Every structure is written in C-alpha cells, then in structure tokens.
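Treat the numbers as computed from the prediction; the structure is a model and nothing was measured.
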Amino acid sequence: MTRAYQPNQLIDEREAASILCYSVRALQNWRHRGGGPDFVKVSARSIRYRRADLEKWIADRTVSNTSQTI
C-alpha cells in the first residue's frame with residue numbers, strides 16, 4: 001500500500017538525504033553551516049524535513065545554464 005503524497009509530511013533525515021541524492025552527513029553539515037533545505041527541529045535530537053521544503057530547495061537551485069547563479 002502506497003501512501004498519498006503530502007507536501008507537509010515530515011520525513012527523517014535518511015529519507016530526505018535519499019530524495020536529494022546526498023548523504024545524511026551532508027544534511028547535517030548544511031544544518032550546522034547553513035545553505036541546506038529548511039528543517040523542523042522536533043526536539044534537541046530529532047530533526048525532520050517537510051517534503052515541500054525539499055522541493056522548494058531543489059526548485060531554487062534549478063538553472064538552465066552554467067552562467068546562472070543560485
């Protein structure tokens with residue numbers, strides 16, 4: 001059974017990393033340094049991402065040629 005797509009669904013960092021084709025460590029570095037997708041800090045040790053925020057982050061970095069900046 002597949003779940004219906006929900007843009008505000010919270011997903012863990014493993015699934016977020018998989019969607020972005022990056023490592024979990026890359027997401028952790030972006031959270032520390034900035035520059036990554038927005039995230040939800042559920043508790044001191046629990047981070048989640050909204051699907052909509054991942055899609056926005058991807059869309060914001062979509063370019064049509066190499067001379068465009070992000």
Within residues 35-56 or reaching into it, pairs that qualify as ring pair (Phe, Tyr, Trp, His ring centres under 6.0 Å) - sequence neighbours excluded: none

Partner set under side chain to side chain donor-acceptor pair (under 3.5 Å) for R61, not counting sequence neighbours: none

Any side-chain heavy-atom pair of R50 and L54 under 4.5 Å: no

Residues which pass salt bridge (charged side-chain N to carboxylate O under 4.0 Å, His left out) with R31, listed by chain and number, not counting sequence neighbours: E13

Exam field: side chain W57 to backbone G35, donor-acceptor pair closer than 3.5 Å: yes

Validation row: P37, L20 side chains within 4.5 angstrom (heavy atoms): yes

Side-chain donor-acceptor pairs of residues 62-70 under 3.5 Å, sequence neighbours excluded:
unit_1 : atom_1 : unit_2 : atom_2 : d
T62    : OG1    : I58    : O      : 2.9
S64    : OG     : Q68    : OE1    : 2.8
N65    : OD1    : S67    : N      : 3.0
N65    : OD1    : S67    : OG     : 2.6
N65    : OD1    : Q68    : N      : 3.2
Q68    : OE1    : S64    : N      : 2.5
Q68    : OE1    : N65    : N      : 3.1

D60: side chain to side chain donor-acceptor pair (under 3.5 Å) partners, not counting sequence neighbours: K56

Verdict with supporting geometry, I11 and I19, side-chain contact (heavy atoms from CB on, under 4.5 Å): CA-CA 10 Å; I11 59 174; I19 289 170; 3.6 Å; yes

Partners passing salt bridge (charged side-chain N to carboxylate O under 4.0 Å, His left out) against D12 (at least two apart in sequence or in another chain): R14

Cationic N near anionic O, under 4.0 Å, R48 to E15: no

Test log, rule side-chain contact (heavy atoms from CB on, under 4.5 Å), inputs V42 and I47: CA-CA 6 Å; V42 178; I47 301 296; over 6 Å; no

